[in-house]
Amino acid sequence: MRAPANILNLLLLSLLAGLDPSKTQISPKEGWQVYSSAQDPDGRCICTVVAPEQNLCSRDAKSRQLRQLLEKVQNMSQSIEVLNLRTQRDFQYVLKMETQMKGLKAKFRQIEDDRKTLMTKHFQELKEKMDELLPLIPVLEQYKTDAKLITQFKEEIRNLSTVLTGIQEEIGAYDYEELHQRVLSLETRLRDCMKKLTCGKLMKITGPITVKISGTRFGAWMTDPLASEKNNRVWYMDSYTNNKIVREYKSIADFVSGAESRTYNLPFKWAGTNHVVYNGSLYFNKYQSNIIIKYSFDTGRVLAQRSLEYAGFHNVYPYTWGGFSDIDLMADEIGLWAVYATNQNAGNIVISQLNQDTLEVLKSWSTGYPKRSAGESFMICGTLYVTNSHLTGAKVYYSYSTKTSTYEYTDIPFHNQYFHISMLDYNARDRALYAWNNGHQVLFNVTLFHVIKTEDDT
């Protein structure tokens with residue numbers, strides 16, 4: 001047990017005074033207080049320890065020096081305690097740093113061992129990126145030329161606008177026929193420029209826009225991409241089987257309001273939802289067969305029918321959602337197409353370009369993408385785009401160019417708002433994707449990357 005501070009004070013004062021503390025007699029009556037005492041077995045007092053009151057020697061020089069010394073000792077003790085805490089903290093930090101240094105040393109050793117492998121891998125990645133960017137250089141150069149051409153068009157339009165304004169103020173100042181020919185020439189050139197913009201590579205899908213909610217979970221709706229600008233008829237085919245009724249509407253507005261203009265009763269039931277209207281005729285897959293039917297809306301008659309050789313049907317090679325979607329008929333800027341799968345191609349997708357009159361296969365391309373792994377597909381400018389699912393999270397995952405006979409994996413997401421897509425077709429006139437999304441008829445907008453051809457291109 002540590003002795004109280006007043007006892008230490010007494011002993012130190014006694015030593016400083018040259019006194020023998022064991023022989024000093026001090027009376028409690030002189031202002032001193034008894035601290036403790038002890039007796040022997042016979043009851044005799046052996047030692048009495050007394051301490052002065054706190055203020056008795058407050059002015060004594062030696063007592064003041066001793067207090068200062070004690071305070072310094074106490075301050076040093078506190079400083080040592082603080083230093084000890086800091087030392088413990090720093091020691092823990094050193095231990096932690098030692099562990100980290102060992103980890104870094106191991107990592108540096110691993111990096112040194114794998115340096116050649118990593119450098120080779122990174123170099124290959126950079127090379128692949130450069131290979132992807134190289135084709136864009138001539139495209140960008142072409143865009144510079146196209147920008148100049150468009151600037152020239154704008155300048156000519158501005159000049160014509162000035163001339164027309166002048167004519168309004170003073171009739172007869174210019175030759176009307178000459179002006180009219182300039183307008184026609186400019187219009188022709190602009191139309192030629194627009195024709196060069198018809199084809200492009202799919203870059204983005206936005207939307208959807210919900211046009212109507214009707215029908216069952218599965219179905220198809222479409223317009224004719226070759227129809228004139230004034231012809232906006234809509235055709236509606238509900239369900240994927242056991243149906244022969246096609247409903248026609250004169251416009252999108254009539255379709256939304258439900259005002260039918262005509263109903264067609266087809267001679268055969270259809271299979272799936274992958275039909276297409278092209279140049280005034282309906283093309284569909286005859287139920288339980290690989291036969292394609294061409295049906296004229298004008299005459300109400302079958303104009304042609306042909307078996308699609310080796311094509312699977314009746315849920316042999318459907319899309320992921322089933323529904324007898326083995327044969328998908330579609331159209332784009334180039335013409336009429338059939339997408340299907342065969343045993344000869346191990347169930348992978350086959351693309352065939354069809355003669356729109358005879359349904360004869362003009363040319364076929366065999367891809368390596370399994371038909372059963374595709375959610376839906378559509379053609380744009382001779383390139384087939386395939387989605388990886390018909391459910392939420394679907395995206396355009398694969399594309400195959402019939403122009404180059406090459407494929408690539410893509411990552412073009414789109415919003416599957418109603419969770420289940422059973423029909424997805426591109427319309428070249430509207431530059432849009434028509435979709436049947438779980439009983440909702442919707443439209444998606446597409447963004448295409450255009451490469452403008454010049455007269456020097458072959």
Side-chain angles (χ1 to χ4, degrees), residues 205-285 293-301 321 323-325 328-333 336 376-380 390 414-446:
I205 300 175
T206 55
I209 300 170
T210 302
V211 177
K212 189 176 182 179
I213 304 173
S214 65
T216 62
R217 194 178 185 187
F218 317 97
W221 71 295
M222 65 214 82
T223 61
D224 189 344
L226 295 186
S228 65
E229 294 182 1
K230 296 181 179 180
N231 184 352
N232 295 306
R233 288 186 294 174
V234 177
W235 291 272
Y236 178 89
M237 302 168 69
D238 192 12
S239 186
Y240 64 86
T241 186
N242 291 328
N243 200 349
K244 298 192 297 180
I245 303 300
V246 181
R247 304 183 189 281
E248 181 182 285
Y249 304 84
K250 288 184 177 180
S251 65
I252 290 286
D254 285 351
F255 173 62
V256 173
S257 65
E260 294 180 21
S261 62
R262 192 172 175 182
T263 299
Y264 301 90
N265 190 356
L266 301 178
F268 310 106
K269 294 179 181 178
W270 65 71
T273 59
N274 307 116
H275 332 293
V276 63
V277 174
Y278 189 70
N279 200 21
S281 294
L282 171 68
Y283 297 81
F284 66 95
N285 176 209
I293 304 293
K294 178 183 179 181
Y295 177 85
S296 171
F297 286 127
D298 291 335
T299 64
R301 296 172 55 191
W321 64 274
F324 305 142
S325 55
D328 192 349
L329 301 172
M330 56 188 72
D332 67 353
E333 294 85 351
L336 185 66
E376 277 289 341
S377 68
F378 52 89
M379 295 287 291
I380 299 179
H390 63 282
F414 62 94
H415 184 39
N416 188 350
Q417 185 169 352
Y418 304 108
F419 319 117
H420 189 290
I421 291 179
S422 59
M423 170 253 181
L424 187 65
D425 278 328
Y426 172 71
N427 186 292
R429 187 187 71 166
D430 300 336
R431 298 281 179 84
L433 293 173
Y434 283 65
W436 191 289
N437 195 343
N438 206 6
H440 298 73
Q441 291 75 52
V442 303
L443 289 172
F444 292 94
N445 291 318
V446 297

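All residue numbers in this chain count up from 1 along the given sequence. Computed over heavy atoms, backbone and side chain alike; hydrogens, waters and symmetry mates excluded.
By the side chain to side chain donor-acceptor pair (under 3.5 Å) test, D328 pairs with Y319, sequence neighbours left out. For K212, the salt bridge (Lys or Arg N to Asp or Glu O under 4.0 Å) criterion is met by no residue, not counting sequence neighbours.
Between I421 and N416, the closest side-chain pair of non-hydrogen atoms falls below 4.5 Å. Counting only heavy atoms from C-beta outward, the side chains of M330 and D425 approach each other to under 4.5 Å. Side-chain contact check for S422 versus H390: every heavy-atom pair is 4.5 Å or farther apart. At least one side-chain heavy atom of I245 sits under 4.5 Å from a side-chain heavy atom of N265. Counting heavy atoms from C-beta on, the side chains of T223 and N427 come closer than 4.5 Å. Side-chain atoms of N274 and L329, non-hydrogen and from C-beta on, never get closer than 4.5 Å to each other. You'll find the side chain of L282 reaches within 4.5 Å of the side chain of M237, heavy atoms only.
Under a 3.5 Å cut-off, the side chain of D238 and the backbone N or O of T216 do form a donor-acceptor pair. Between the Q441 side chain and the S214 main chain, a donor and an acceptor come within less than 3.5 Å of each other. Without hydrogens or angle criteria, W270 side chain to S239 main chain gives a donor-acceptor distance under 3.5 Å. When atom types are taken as modelled, the side chain of N438 and the backbone of H420 share no donor-acceptor pair closer than 3.5 angstrom.
In this structure, CD1 on I380 lies 7.0 Å from CD on E333, to the nearest 0.5 angstrom. Separating the NZ atom in K294 from the OH atom in Y283 is a distance of 3.5 Å, to the nearest 0.5 Å. In this structure, D430 CG and N232 CG are separated by 8.0 Å, a value rounded to the nearest 0.5 Å. To the nearest 0.5 Å, atom OG1 of residue T206 and atom CG of residue N445 are 4.5 Å apart. Here the straight-line distance linking atom OH of Y278 with atom CE of M222 works out to 15.5 Å at 0.5 Å rounding. Rounding to the nearest 0.5 Å gives a distance of 5.0 Å between CZ of F284 and CD1 of I293.
Shortest non-hydrogen contact noted between A435 and L424 is CB-CD1, 3.7 Å. Taking both residues in full, the closest heavy atoms of G280 and D224 are given as N-OD2, 2.7 Å, listed atom of the first, atom of the second, then distance. Contact detail for P225 and A428: the closest heavy-atom pair is CB-N, 4.1 Å. Smallest separation of non-hydrogen atoms from H440 and I213: CD2-CG1, 3.3 Å.
A ring-ring contact (aromatic ring centres under 6.0 Å, His included) with W436 holds for exactly one of W221, Y236, F218, Y418; it is Y236.
Under a cut-off of 6.0 angstrom, the local environment of CZ in R429 is crowded, with over 12 non-hydrogen atoms contributed by other residues, nucleotides or ligands.
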Full working for ring-ring contact (aromatic ring centres under 6.0 Å, His included) between Y264 and F297: CA-CA 8 Å; Y264 301 90; F297 286 127; 4.7 Å; yes
Derivation and outcome, ring-ring contact (aromatic ring centres under 6.0 Å, His included), residues Y249 and F255: CA-CA 5 Å; Y249 304 84; F255 173 62; 5.2 Å; yes
Derivation of the side chain to side chain contact (heavy atoms under 4.5 Å, CB included) call for V442 and Q417: CA-CA 10 Å; V442 303; Q417 185 169 352; 6.0 Å; no
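Residues D254 and S261 have side chains that never bring a donor and an acceptor to within less than 3.5 angstrom of each other.
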